[in-house]
Amino acid sequence: MADAPIEFSEEVLDSLSSGSIERRLEERERAEEPIETTKLLGPEHQPLEGVVLFDPNQQYKSASSKSDKPSISALENIPPVQGALIFLRNQLGPDIFALPYLFFLGGIFPTFIIIILAAILYNHTLIRLLESADRDSSEKISLLELGRRIVGPKFRKTIAVVVLIAQFTVAITNYIFLYQFVDRISCNLEWSFFCNSRIETFMFVYALLFVILLLKSYNRTHLMTMWIAIITSVLLLVVFIDDFVVMFSASGAKGLSLVGSNPSDLLIVVGVAFYFIEGTNTVTNLYATSDDPNQTAALIFRALYVIVFVYSLFGFPGYLAYGTDTQMIMILNLGVKPFWVVTQWVIWFFFLLSASDGLVPFWKDLRSWIKKREAGIPMREGGSPAGEAASPEPVANFSFERNVTLFCLKALTIGAVLLIASFITDFVTFMSLAGNFMLVWLVAIIPLTIYQYGSGSHQSTGKIVLRIGLIVLSCILGKMGICYCLYRLIVGWNPSESA
């Protein structure tokens, strides 16, 4: 899935800014001694030994009495294996339930081939992007700052807009899943109150999201999320086993197709394939905070193919089990027996908890921007702090009134995104629309442009032509997919009619 958020604390995000980096490098040069290291304190405020499980809610605390800000060296402590697991965790989302339907649309062989080729292309662009990060003489930084330093401030603004659009399209996709599940399972169970009732379904989903958002603002959902995640993992395994049981039963494997009947549907397959593997922003963040960036990158590349295997493992048996009866959301194929109904709702509730965090990076950027504005930190072109040593630090905390205002803005934004999602009836097509947008920008244009600018004259003419060719081919393919998806969404053409 595309760039599910890593919830670094605000202090960590501030310390990764270019201004903080420059100030600390100046202090280090003046003192002619290394910056003091810090320790990651666990919930019992004791130093942890060995590998530390990543907890986005933990705070990095300085061991130095001079400052409560962490040094850059203190942030580079995520072990490679842990970084790969974080990448795996953030890539798995509701899009996993669309994979059987994807095989239904594109056929078995073309879908497998497209998924594998998408992983190979994305692997290539990620390698080029991380090579650019290594070639840059500065500290390892975010995708935005990498684009600014290598290409320029205007390109940084372009990346910021693209990432923002990607965040909102992912949030809308997740909310389409939440809304359509409630609507369709209500119709399956003959619950007339929610079945084909947009207002009632919207209010039900929004009320739950509002309560979860309120609980998360007081940090009251961590234990519940952990237990729901464990239960959901077990239930997904049960669903996977059930697919095999149905597949080998007399009722399974109806109307299987090795090659899809409509070639245009392959554009849908391409978009969804890039949607669930894309995670450029996550990779650059992990690469910047790893204690062994090269090993982390190697494991992330392996994790990418693990993701492809896991998604195919869910998609292929699901299609073999139900054939032409495959529904757009896989778990709706389980039926209406009490055990399966409970299973579906538990899985749905887990993704409901995750969906409330869909715009976390946007809100953190907004909070950081407000803090810097209130603290009077000058901003250079491109949005980064000027990095002057005498610049005041941002205020540590917001007032109660400001937090209430931001909470209301979050609630209104979630409501608006959910309202948009309630009018989109095709979960897979919108996901493909988002994936084709990511193919054009986050897989092709941004990484390869950064690499091209960073390499300068060090490349042969053949390699330059290859990079440009990949960008052009990806843009053509992605834009064709965007136009096709928009046509389906606007016209309201049901994808199942083309199969």
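Remember, it's a predicted structure, so these values are computed and weren't measured experimentally.
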Roughly how far, to the nearest 0.5 Å, is [atom2] of [Y] from [atom1] of [X]?
X	Y	atom1	atom2	result
F430	I176	CZ	CD1	5.0 Å
L267	I114	CG	CD1	8.5 Å
I482	L477	CD1	CG	10.0 Å
Y453	T449	OH	OG1	7.5 Å
T111	L99	OG1	CG	9.0 Å
F87	L286	CZ	CG	8.5 Å

### Task
Step by step, work out the side chain to side chain contact (heavy atoms under 4.5 Å, CB included) result for L146 and L129.
CA-CA 9 Å; L146 192 61; L129 181 65; 3.8 Å; yes
### Query
Run the side chain to side chain contact (heavy atoms under 4.5 Å, CB included) check on I347 and M330 step by step: do they pass?
CA-CA 12 Å; I347 294 173; M330 179 183 72; over 6 Å; no
### Message
Applying ring pair (Phe, Tyr, Trp, His ring centres under 6.0 Å), can you list everything that pairs with F97, at least two apart in sequence or on another chain?
### Response
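Per chain and number, F97 pairs via ring pair (Phe, Tyr, Trp, His ring centres under 6.0 Å) with F177, F351.
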### Query
F103: what forms a ring pair (Phe, Tyr, Trp, His ring centres under 6.0 Å) with it, not counting sequence neighbours?
F112, F316
Side-chain heavy-atom pair [X], [Y] within 4.5 angstrom cut-off:
X	Y	value
M328	R184	yes
C485	I268	yes
S233	L236	no
I329	Y101	no
V346	F350	no
F423	L489	no
I300	L304	no
T343	I331	no

### Message
Walk me through whether S460 and K463 qualify under side chain to side chain contact (heavy atoms under 4.5 Å, CB included).
### Response
CA-CA 5 Å; S460 64; K463 289 185 178 180; 3.5 Å; yes
### Task
For this output row, return yes or no: ring centroids of Y305 and F309 closer than 6.0 angstrom.
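Y305 vs F309: aromatic centres not under 6.0 Å.
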### Task
Return yes if a side-chain donor-acceptor contact under 3.5 Å exists between Y179 and N174, otherwise no.
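Checked: Y179/N174 side chains show no N/O donor-acceptor pair below 3.5 Å.
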### Message
Under a 3.5 Å cutoff, is there a donor and acceptor pairing between the side chains of N436 and Y484?
### Response
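Note: N436 and Y484 side chains miss the donor-acceptor criterion.
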### Query
Is atom CZ of F244 surrounded by more than 12 heavy atoms (other residues, nucleotides or ligands) closer than 6.0 Å?
yes
[X] side chain vs [Y] backbone, donor-acceptor pair below 3.5 Å:
X	Y	result
W348	F181	no
S422	L419	yes
D265	G106	no

### Task
Kindly determine whether Y451 and I150 satisfy side chain to side chain contact (heavy atoms under 4.5 Å, CB included), including the steps that lead there.
CA-CA 9 Å; Y451 180 77; I150 294 180; over 6 Å; no
### Task
Among T125, T158, I159, find the one that has a side-chain contact (heavy atoms from CB on, under 4.5 Å) with I446.
I159
### Task
Identify which one of V283, V162, I450 satisfies the side-chain contact (heavy atoms from CB on, under 4.5 Å) criterion when paired with L143.
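With L143 as partner, V283, V162, I450 yield a single side-chain contact (heavy atoms from CB on, under 4.5 Å), made by I450.
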### Message
Applying side chain to side chain donor-acceptor pair (under 3.5 Å) to D243 and Y319, what does each step give before you reach the verdict?
### Response
CA-CA 9 Å; D243 285 342; Y319 174 53; over 6 Å; no
### ring pair (Phe, Tyr, Trp, His ring centres under 6.0 Å) assessment of F314 paired with Y311
CA-CA 5 Å; F314 267 86; Y311 272 74; 8.1 Å; no
### Task
Mind running side chain to side chain donor-acceptor pair (under 3.5 Å) on T280 and E278 for me, showing each step along the way?
CA-CA 6 Å; T280 305; E278 198 285 322; 2.7 Å; yes
### Message
Once side chain to side chain donor-acceptor pair (under 3.5 Å) is applied, what residue pairs with a partner in residues 464-479 remain, sequence neighbours excluded?
### Response
H124-R467
